[in-house]
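For reference, the structure is listed below as structure tokens.
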Amino acid sequence: MNIFKIPKLGEEEYFEELKKFKNGRIERIISSNNTTDWLEQKEDEYVILIKGNAEIEYEDIKIEMSSGDTLYIPRGQKHRVSYTDEECIWICIFFDE
């Protein structure tokens, strides 16, 4: 698999599960000018932005991200993706401790 090979995208984000574990999973997510609704996940998430620029918004702060940036989002933390470039590639690791 080549992490940079991008399938034909529609208007929705593209999700691909790379590996599932007993207590979590690794996903590749591809965004193209996407935003999300507010999320409060039941698991911790470690985000790596492989390619592109994006913005993660918490209730009181916005975090600008660019290629190579990482972010830890603890379970239950209200957040959303408020901006992405035309081509963002994310690796997201979801886990329960």
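- The salt bridge (charged side-chain N to carboxylate O under 4.0 Å, His left out) check on E17 picks up nothing, with sequence neighbours excluded.
- Under the 4.5 Å side-chain heavy-atom criterion for grouping Ile, Leu, Val, Met, Phe, Trp and Tyr, I93 is connected to I30 within one hydrophobic cluster.
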**OP:** Mind running side-chain contact (heavy atoms from CB on, under 4.5 Å) on E16 and Y14 for me, showing each step along the way?
**Re:** CA-CA 7 Å; E16 179 179 15; Y14 172 83; 3.8 Å; yes

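- F94 and Y72 are members of different hydrophobic clusters when ILVMFWY side chains are connected at heavy-atom separations under 4.5 Å.
- The only member of E59, E55, E57 that meets side chain to side chain donor-acceptor pair (under 3.5 Å) when paired with R80 is E57.
- Under the salt bridge (charged side-chain N to carboxylate O under 4.0 Å, His left out) criterion, D85 pairs with no residue, sequence neighbours left out.
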Original post:
Where do I89 and R28 land on the side-chain contact (heavy atoms from CB on, under 4.5 Å) test, with the steps shown first?
Top reply: CA-CA 7 Å; I89 300 174; R28 178 175 76 144; 4.2 Å; yes

Original post:
Can L39 and Q77 be said to form a side-chain contact (heavy atoms from CB on, under 4.5 Å), step by step?
Top reply: CA-CA 8 Å; L39 304 166; Q77 173 69 58; over 6 Å; no

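- Atom CG of N34 is separated from atom OG1 of T84 by 5.0 Å, given to the nearest 0.5 angstrom.
- The side chain to side chain contact (heavy atoms under 4.5 Å, CB included) with C88 is formed by just one residue from the set S31, S66, S67, S32; it is S31.
- Side-chain contact annotation: Y46 with T70, donor-acceptor N/O pair under 3.5 Å present.
- Hydrophobic side-chain contacts under 4.5 Å tie W38 to no other Ile, Leu, Val, Met, Phe, Trp or Tyr residue.
- Counting Ile, Leu, Val, Met, Phe, Trp and Tyr side chains that sit under 4.5 Å apart, directly or through other members, I73 shares a hydrophobic cluster with F15, I29, V47, L49, I56, Y58, I61, I63, M65, L71, V81, W90.
- Within the structure, salt bridge (charged side-chain N to carboxylate O under 4.0 Å, His left out) pairs that include any residue of residues 31-43 comprise R25-E43 (at least two apart or interchain).
- Partners of E13 according to the salt bridge (charged side-chain N to carboxylate O under 4.0 Å, His left out) rule, which considers only residues two or more places apart in sequence or in another chain, do not exist here.
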Subject >> Worked check of side-chain contact (heavy atoms from CB on, under 4.5 Å) between N2 and F4 >> reply: CA-CA 5 Å; N2 184 318; F4 294 107; 3.4 Å; yes

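- Looking at every heavy atom in both residues, D69 comes nearest to E64 through OD2-O, 4.1 Å.
- The two residues P74 and D44 come nearest to each other via the heavy atoms CA-OD1, 3.4 Å.
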